[in-house]
Amino acid sequence: MLIANFTPWHRFFSLSLVLTLVLSGTGCSLLKRGREGANSQPIPLRPAIWFSPSVTTAEVPYLDGCGETRSFALANLLVASVPKKLSEVFTGVMAQSQTDDTIASDGVIEVGLGPRRIELAVPKQAQGTYPATATVGIEMAFLARDKTVLFGKKLEGVGRGTVTVGGESCQITGLERIVQDAIDSANSELAQQIAQSVPIREYAAQRDAEVSIATPATGAVTSLPTAAETAAEPPSVASATTRGPAQLSFRAIIRDESRDQFLQPDESLTIEIEVKNEGLGTAKDVTITAEGKAELAALFPPEVQIGTLQSGEIKRTSITQRVTASQEHLHGELTLNLRTSSPKASVPPPKIFTFGVKPRVIDPALVPDVDNMPNSLAAFTQPKAVIISIGVGTFRDAQIPAVKYARHDAEVMAEYLRIICGVPGERIRILLDRQALVRDFEDTFEQWLRKKADRETVVYVFFAGRALVEGGTGAISLVPHDGIPSGANQLYALVRLQEVLFRLPIRRAILMFDVSMDPSPGAALADIPSPAWESPISEARKDVEMWMVGNRSLQEAHAYDEGKHGLFTYHLLRGLQGLADADRDGTVIAGELCTYARGQAARVASEQFANKQDALCVPGTGREGMVRIHPVARGNNPKPAPTPQQPQPSADSVGPAPSVKPIGP
């Protein structure tokens, strides 16, 4: 046994040292708890969360146990994780699906996606458990209601773990948990930094709780809604004769879509109104009326019904509608007046707004000419690729309506694909109008293509024209130049093309259709199901075939006169120029191209033609189709330059809602 004898001086020194260490540890602990306690209270704000398209279409490629490239969908994990983390920071958050407008929020949190990758150390065709790492980059920005950026940060989260490789299927399991860890890691760090943001907390302290005006989702309306009741029950009050008269006040914001105080045809117009009874009596039959120059006032609802307001009660309403066309420039003032049938009620002065109205003028110079191909179009060398481009705009049967721009669409698309992929001329076939007969379809797909295809071949098929949908089954048939709607032998069935592709030993098939859809003769419209673009083997072919269909329904596909192409084709060409590169990684993949063209065509159809054109992408996002990540063009999608802020017409201190600038494409 070892015994140590200490002198009194040594014992004093040892006791002092121990006491010092204990106190220092306690002090550090107290300081640490103090720091943790700072900013631990939720920030008293209720911001809206806006997800960039780079989030809602997010995928990340990886190699499976057989060395084949697969795709892991991130969108659902991201959309679920972000609000969950941010709800721990704020008193409440609103996801994008809850409202398309942000007037009801205390600001906007923009969420975009950065670099992402999955790293696996998996030997080819070897069962077992192997390490894996996932990295996901997330970008967040907080915008105040006046569009001031109070916070902006990009971070990468990392998740690590092990995955299991199965048997002959080569399927990898266990990835979702690792990717979720990476997403949660980035979200947690970003949420913590937002919680510690001094500008955001100062902004929260300055916010007036009554400024926020609730609004339903925007959209064109044909009948004006009545004001929504407040969530809380109004206080019980005595009659106006014993308690005094009602005293009304109201706030109003009028926002045009372009925010330039000029109303243009097909532009959306949103009016937010909040009315409060600050008196002791009840106000009955409260309405808001619009007055002004006849042509200008006609663009606004003449009367908005608010209803009855008890003492202390607040009612809010929001109305969005489209501006109708005008034949001349108009300028003038619009006056909003509050009215009530209660005789002793006190009403506020009117609110006055200044607006102008522009007639419909479309400047062709503002629509890029896609026929002028950029010098940087060439992207990949695919000497074994095959291009089939068909445009049928005129028909031998004069009763069949012509399809504007179909021939031109096919010519330009073939040239784009030729330059992008460097395809030799002998591997390109173009069928236009009179050269696109039934026998030409049969020879091209069933003879010529079969001779050109092998296991390295990527087939690009483009078709612009007309198709028929069979009643009862929804089967689709393409209409050649000599097609006869009532004769099945003079049409080319889509299932026939699908069977041809299924039998070919090809690597990929990218198919693009800009078609007008008609019912087959004699079929009752009520009996026709949705056009059968997806075949029974579509799921099995999701790694091989990508179908981009510009019009999935029974309707005419829009011709885009400003772009001198079919609407869907025009935006396919714009996407191939590089604008479809949603994640800005320098490459446009098939999934990005279809998503871009679908979204742009829907937007223009709604804004310019006041109806829908619903496109289709097969396989869709989240189905892990490998063909979706097939590269089709070089990316060229720089972030837009910031636009100058425009003042909003408002009659009082109520500020305008922020105009959300997307982080993603």
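Here the structure is a predicted model, which means the values were calculated and not measured.
With sequence neighbours excluded, the residues satisfying side chain to side chain donor-acceptor pair (under 3.5 Å) with Y405 are D561. Residues satisfying the side-chain contact (heavy atoms from CB on, under 4.5 Å) test with E415, not counting sequence neighbours, are M373, R418, I419. With sequence neighbours excluded, no residue forms a ring pair (Phe, Tyr, Trp, His ring centres under 6.0 Å) with H481. Under the rule for a side-chain contact (heavy atoms from CB on, under 4.5 Å), the partners of S516 that lie at least two apart in sequence or sit in another chain are R466, E556, A557. Here L431 pairs with I390, R429, A436, D440, T444 under the side-chain contact (heavy atoms from CB on, under 4.5 Å) rule; sequence neighbours left out. For D585, the side chain to side chain donor-acceptor pair (under 3.5 Å) criterion is met by no residue, not counting sequence neighbours. For the side-chain contact (heavy atoms from CB on, under 4.5 Å) test, no residue two or more places apart in sequence or in another chain qualifies with A540. In this view, H408 and H565 satisfy the ring pair (Phe, Tyr, Trp, His ring centres under 6.0 Å) rule, not counting sequence neighbours.
No side-chain donor from either of Y416 and E411 sits under 3.5 Å from a side-chain acceptor of the other. Side-chain contact of E470 with S520: a donor-acceptor pair under 3.5 Å is absent, judged by distance alone. There is no side-chain donor-acceptor pair under 3.5 Å between D614 and S553. Inspection of the R628 and T621 side chains reveals an N or O donor paired with an N or O acceptor under 3.5 Å. Looking only at atom types and distance, the side chain of Q608 has a donor-acceptor partner in the side chain of E562 under 3.5 Å away.
Counting only residues at least two apart or on different chains, the disulfide (SG to SG under 2.5 Å) pairs with a member in residues 552-626 are C594-C617. Under the ring pair (Phe, Tyr, Trp, His ring centres under 6.0 Å) criterion, the residue pairs touching residues 498-522 are F513-W533, F513-W547, with sequence neighbours excluded. Residue pairs meeting the salt bridge (charged side-chain N to carboxylate O under 4.0 Å, His left out) criterion with at least one partner in residues 384-402, sequence neighbours excluded, are K384-D454.
Side chain of D581 to backbone of N636: no donor-acceptor contact under 3.5 angstrom is found. Remark: side-chain polar atoms of D543 are not paired, donor with acceptor, to backbone N or O of G625 under 3.5 angstrom.
With respect to the salt-bridge test (charged N to carboxylate O, under 4.0 angstrom), the residues E539 and K542 qualify.
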Between side-chain atoms of residues 482-492 and protein atoms elsewhere (two or more places apart, or another chain), which donor-acceptor pairs fall under 3.5 Å?
residue, atom, partner, partner atom, Å
D482, OD1, V438, N, 3.0
Q490, NE2, D482, O, 3.2
Y492, OH, E446, OE2, 2.8

